[in-house]
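All figures in this text were calculated on a predicted structure; none of them were measured in a lab. Proteins get letters first, then strands, A, B, ... in listed order; numbering begins at 1 in each. Computed over heavy atoms, backbone and side chain alike; hydrogens, waters and symmetry mates excluded.
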Amino acid sequence: MHIVYPAVVSALLFSIGVYGVLARRNTILVLMSVELMLNAVNLNLVAFDVWLRDRLHGGQVLTLFVIVIAAAEVGIGLAIVLAVYRTRRTVDLDSLTTLTDPPGYPTTEEADDPQGPTPTPQAARKPPPTDAPSQTGQAPPQRGGSEALTERDGGDAPNPGDPGEATIQGGADGTTIHGGGATGTRGASRSGRPTP
Amino acid sequence: MNEAVPSYLSPTGQEIVFLLLGAVAVGSALLVVTTKQLVHAALWLVVSFGALAGCYLVLTAEFVAWVQVLIYVGAVVALLLFGIMLTRAPIGRSPGLDSGNRVVAAIVAVATAAVLVTVVIDGFRTAYADLTPGRGTAGELGSSIFRNWVLPFEALSVLLLAALVGAIVLSRTDIRGR
């Protein structure tokens with residue numbers, strides 16, 4: 001068999017995977033595209049192992065190793081995706097913008113959160129000086145924020161002067177400051193979500 | 001290895017079968033990255049991986065083919081379907097699966113494909129491999145793994161254990177941050 005055939009097939013699969021990683025918004029679809037790229041590499045490995053007649057079977061053994069690593073990667077990746085979904089109520093990559101530059105935040109917040117109290121610009125602009133501490137201490141405030149969210153689930157109408165609201169606004173920069181495209185899905189899924 | 005390369009114009013039966021399977025794999029991979037329905041993307045991924053397993057079979061790598069069927073088609077796609085289910089993805093057509101940079105992504109992907117395909121064709125035009133069955137059986141690969149590749153194998157099993165523990169810790173909700 002001409003080696004060009006498997007090599008071309010794997011090149012095409014790899015570029016399809018590149019397109020999927022760049023163009024998709026759902027995190028699980030991005031994971032699928034990564035799997036496509038890994039499979040392209042596997043096809044190359046097998047084809048060149050057959051061509052070179054490796055006595056150690058290096059290509060095929062490495063293919064098995066890549067398959068195992070891909071399984072581990074999917075497991076970890078899905079666990080991370082589920083953790084993100086638990087805290088953010090979305091797996092949309094375009095709305096996970098916690099790590100973007102802060103100056104864009106106040107405008108998106110005001111545009112997307114009409115009924116809540118508008119966050120103070122000082123609070124929104126806080127992250128850059130305390131960048132490293134807020135990164136390390138990211139988990140506890142977010143967890144506080146999500147607890148506040150579940151408390152709001154119990155009550156029917158959020159009061160703007162509520163202490164729970166204040167907890168949300170002040171407690172987590174990350175929870176309140178993500179893109180507002182998520183707010184729709186948040187509200188929609190929150191109504192049907194069983195309270196833990 | 002490049003003595004007496006057969007012509008491209010008279011493909012053997014193996015090459016025809018391989019090209020058909022490769023066309024199925026590439027086509028279903030295209031559907032994976034372009035379909036509007038999440039669950040259909042996972043199911044097209046099954047088709048793509050199955051066709052790739054057929055490609056491995058044609059290339060006489062039978063053990064890799066069965067491992068591909070077992071792990072990719074069986075486990076990985078089931079995991080992805082679980083992920084789709086647990087993130088409450090919309091079943092049915094959902095418009096928001098593609099981001100705004102689709103055009104740029106398509107340009108980058110076409111450029112990648114062009115570069116890779118031209119380089120590969122230019123580099124391996126004269127490469128030809130005789131397919132002799134029996135080189136990829138479980139016995140051959142097993143003795144190779146446990147004679148020559150024992151240390152990577154053991155390291156990989158430790159890595160898999162660590163990954164599983166990490167996945168459990170990440171997905172349990174009753175383990176607090178600190």
Side-chain angles (χ1 to χ4, degrees), chain A residues 1-9 11-16 18-20 22-26 28-29 31-33 35-36 39 43 46-47 49-51 56-57 60-61 63-65 67-72 74-76 78-83 85-86 91-94 139-140 143 189 196, chain B residues 14-15 18-19 22 26 29-30 32-33 38 41 45 52 55-56 59-61 64 67 71 75-76 79-80 83-84 86-88 96-99 102 105-106 108-109 112-113 116-117 120-121 124-125 127-129 131 136 140-141 144-145 148-149 152 156 159-160 163-164 166-167 170-171 177:
Chain A
M1 167 172 303
H2 291 282
I3 293 302
V4 167
Y5 295 147
V8 166
V9 168
L12 290 177
L13 272 181
F14 187 85
S15 29
I16 289 172
V18 167
Y19 171 78
L22 291 180
R24 289 301 210 177
R25 268 171 69 185
N26 192 301
I28 295 176
L29 284 172
L31 277 178
M32 289 183 196
S33 308
E35 296 303 314
L36 281 178
N39 268 286
L43 185 57
V46 169
D49 179 87
V50 169
W51 178 42
L56 300 181
H57 294 279
Q60 297 188 25
V61 172
T63 304
L64 295 180
F65 289 171
I67 288 176
V68 172
I69 288 181
V74 165
I76 289 282
L78 281 181
I80 292 174
V81 168
L82 288 185
Y85 181 74
R86 269 204 306 269
V91 289
D92 198 353
L93 282 177
D94 284 350
R143 210 162 263 144
S189 59
Chain B
Q14 294 159 340
E15 287 173 349
F18 182 87
L19 284 181
V26 170
L30 263 181
V32 168
V33 296
L38 258 175
L45 204 66
L52 267 176
C55 290
Y56 295 153
L59 285 171
T60 70
V64 176
V67 169
I71 293 189
V76 169
L79 260 181
L80 287 171
I84 290 173
L86 288 177
T87 53
R88 294 176 182 261
L97 291 182
D98 284 332
S99 71
R102 248 177 79 188
V108 170
T112 309
L116 283 178
V117 167
V120 154
I121 287 181
F124 300 105
R125 202 185 307 123
Y128 192 83
L131 297 180
E140 290 258 332
L141 273 189
S144 180
I145 284 178
N148 305 311
W149 302 93
L156 205 61
L159 175 107
L160 201 57
L164 287 181
L170 275 176
S171 52

**Item:** Stepwise side chain to side chain contact (heavy atoms under 4.5 Å, CB included) test for A:Val61 and A:Leu56
**Value:** CA-CA 9 Å; A:Val61 172; A:Leu56 300 181; over 6 Å; no

Using a 4.5 angstrom heavy-atom cutoff, name the option from [options] with the most pairs to chain B.
options	value
A:Ser33, A:Ala83, A:Ala71, A:Ala72	A:Ala72
A:Leu82, A:Ile69, A:Ile67, A:Ile80	A:Ile67
A:Val18, A:Asp49, A:Val4, A:Val91	A:Val4
A:Val74, A:Ile76, A:Leu31, A:Thr63	A:Ile76

request  = Please state whether the side chain, the backbone, both or neither of B:Leu45 comes within less than 4.5 Å of a heavy atom of chain A.
outcome  =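 Interface part for B:Leu45: side chain.
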
Fill in: Contact origin within B:Leu159 toward chain A - heavy atom pairs under 4.5 Å
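The side chain, not the backbone.
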
Gap between atom CE of A:Met1 and atom CG of B:Leu131 - 0.5 Å precision: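 Going from the CG atom of B:Leu131 to the CE atom of A:Met1 covers 5.0 Å.
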
Between chain A and each of [options], count heavy-atom pairs under 4.5 Å; write down the option with the most.
options	result
B:Ile145, B:Leu19, B:Leu164	B:Leu19
B:Thr87, B:Leu156, B:Val108	B:Thr87
B:Gly22, B:Ser144, B:Gly166	B:Ser144

Of the backbone (N, CA, C, O) and the side chain (C-beta and beyond), which part of [X] lies under 4.5 Å from a heavy atom of chain B, both, or neither?
X	result
A:Val68	both
A:Leu93	neither
A:Leu43	both

Worksheet item: Of all residues at least two apart in sequence or in a different chain, which pass the ring pair (Phe, Tyr, Trp, His ring centres under 6.0 Å) check with B:Phe124?
Response: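 With neighbours one apart ignored, the set is A:Phe48, A:Trp51.
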
